[in-house]
Amino acid sequence: MLDPRFVRENPEQVAELLRKKKFDLNVEEIKSLESERKTVQASAQNLRAEKKQASKQVGQLIGQGLSVDEAKAQVAEQLSKIDSQLAEAEVREQAILSALDEIMLGLPNLPHESVADGDSEDDNVEVRTWGTPREFTFEPKDHVDLGEKLGLDFDAGAKLSGSRFVVMRNKIARLHRALAQFMLDVQTGEHGYEECYTPYLVHGHALRGTGQLPKFEADLFKTNAEEQEQPHYLIPTSEVTLTNLVADSILEADQLPIKLTGHTPCFRSEAGSYGRDTRGMIRQHQFDKVEMVRIVHPEQSFEALEEMTGNAEAVLQKLDLPYRVVALCGGDLGFGATKTYDLEVWLPGQQKFREISSVSNCLDFQARRMQARFRNPETGKPELVHTLNGSGLAVGRAMVAVMENYQDEQGRIHVPEALKPYMGGIEIIE
RNA sequence: GGAGGGAUGGCUGAGCGGUUGAAAGCACUGGUCUUGAAAACCAGCGUAGGCUAAUACCCUACCCAGGGUUCGAAUCCCUGUCCCUCCGCCA
């Protein structure tokens, strides 16, 4: 959430910035709701003050020896007048406040000044590339063709759960597990992240904290939808659980930065992407990811963004997979992010770079929703922290990249050097 | 699944339905004292909104959340969430 105060004091400026993100802010609506809020709130407050006075008077009269009924009678007429006015004022007040609240919760984060203009991923800016795509002496296959004989079974996934699910078997399943273990070891052992195991099901408030709710409910899987009970949602990423670990807390300055990582499955309904990437495991309803989250001092978030991007890159470099780093343009930037770098790995089967990691700085956008603060020693006051999150990396897509980049003419996969310690002696997947 | 207990300010922890936004202690901040520090003593110390030149007054709201009773609710009732104890079941 943006600072409501900033929004109402600078609606034009906010609208201008949000245009870069392709978000249309209705400035007039905000202005009129705001001015109405002020007048309604002021009158409701005055009425409450009067009512409070009257009630207090009853207490005082009783203290002076009047009976309760006599004391009540003294203020009855006055009170009934106040009550009817107050009831009306409160209805309006609540309607306006919830309308404003809904608008505020729906506003995306403001893009950083360094973010380029643009509508889609085609306008993202390449920052750097690493590695050289391998020259094949044969026609490289994509992971679906390669996986057919190796244990990557999309038909079995569909049989159990429908489209966009997969079953992995044998050495492919092992490779998938090895990748996750390897990534977790890199992030904990070499980059100082604390390993976490977190729930895969969360309450709505956690999703509200990181920004998936209320706006993106359609992208989530929801459980026990029967009314009454508070529903659980399957996490779309462990950014949700890792980041919300600091919700509703006031941290000491010396606890920062907090660096967390975890390996979890992620569940996405992929609403609105019916036609995209229907082949293979690029876009699944369930996939694994090793996530990185940092909770930092507000002055250090951009530095942390660069570092975290490097932390994700390290995994690709160790796997010797060519990739490029792009800075997302305004139109491609996510809801909570002010700036995002995507890592795109080279896929020989598609002859394309494909997203394998996304690292974002959310500033205080999530912290404000979560009420995650730290005590600033300079002011002695609690202030909002900054949060960042990034994939380090998406396990399924990393496996796709390994398969396609390490294939040979016979359709076998040669296990990358870095993964050998995790493969129990398996060097070739066939 | 069943039976109980609990949720109060940064923390611990009081709080007969009526000047209680809330005792006390700790922590923190300023001061006195001291060569300095500690101790001791004094004072201050929540958040948000409104008003305002103002981080000054004043007003309103907030004692887990949402409803309700009442002239008046931190205090009574209902629902939800979370935590704890016991029983049952269970990997």
In this structure, how many angstroms lie between the [atom2] atom of [N] and the [atom1] atom of [X], rounded?
| X | N | atom1 | atom2 | result |
| --- | --- | --- | --- | --- |
| A:Arg208 | B:U81 | CZ | P | 17 Å |
| A:Asp101 | B:G66 | CG | P | 12 Å |
| A:Asn376 | B:G10 | CG | C1' | 15 Å |
| A:Gln94 | B:A65 | CD | C1' | 14 Å |
| A:Asp83 | B:U70 | CG | C1' | 11 Å |
| A:Leu251 | B:A27 | CG | P | 21 Å |
| A:Lys56 | B:G21 | NZ | P | 7 Å |
| A:Arg375 | B:C45 | CZ | C1' | 10 Å |

Work out how far the [atom1] atom of [N] is from that of [M], and round it to whole angstrom.
| N | M | atom1 | result |
| --- | --- | --- | --- |
| B:G49 | B:G68 | C1' | 26 Å |
| B:G67 | B:A61 | P | 15 Å |
| B:C90 | B:G13 | P | 37 Å |
| B:A24 | B:U20 | C1' | 14 Å |
| B:C64 | B:G15 | P | 15 Å |
| B:A48 | B:G9 | P | 16 Å |
| B:G80 | B:A3 | P | 13 Å |
| B:A56 | B:C62 | C1' | 23 Å |

Identify, between A:Arg373 and A:Val75, the residue whose nearest nucleotide on RNA chain B lies closer to the 5' end. A:Arg373
Residue pair A:Leu79/A:Lys381 against RNA chain B: nearer the 5' end by closest nucleotide is A:Lys381
Can you tell me the Watson-Crick or wobble partner of [N], both distances under 3.5 angstrom?
| N | result |
| --- | --- |
| B:G4 | B:C84 |
| B:A61 | B:U47 |
| B:U70 | none |
| B:C33 | none |
| B:U19 | none |

Indicate whether the side chain of [X] and that of [Y] have a donor and an acceptor atom separated by less than 3.5 Å.
| X | Y | result |
| --- | --- | --- |
| A:Arg294 | A:Asn311 | yes |
| A:Tyr341 | A:Glu306 | yes |
| A:Lys339 | A:Ser114 | yes |
| A:Asp342 | A:Ser358 | yes |
| A:Thr264 | A:Lys289 | no |

Is A:Lys31 salt-bridged to A:Glu34, going by a charged N under 4.0 Å from an acidic O? no
Are A:Glu36 and A:Arg92 close enough for a salt bridge, meaning some N to O gap below 4.0 Å? yes
How does each nucleotide of nucleotides 49-63 of chain B score, in 5' to 3' order, for protein heavy atoms under 4.0 Å: base (B), sugar-phosphate only (S), or none (-)? BSS-------BBS--
Can you sort out which residues in residues 199-207 of chain A have a heavy atom within less than 4.0 Å of RNA chain B? Ascending by number, please. A:His203
Heavy atoms only: give me the nearest A:Leu179-A:Ala398 pair and the separation to one decimal. CD1-C, 4.0 Å
If only atom types and distance count, is the side chain of A:Lys222 paired as donor or acceptor with the main-chain N or O of A:Tyr233 below 3.5 Å? no
N/O donor-acceptor pair under 3.5 Å between A:His143 side chain and A:Met281 backbone: yes
Side chain to side chain contact (heavy atoms under 4.5 Å, CB included) partners of A:Glu430, counting only residues at least two apart: A:Arg412, A:Ile428
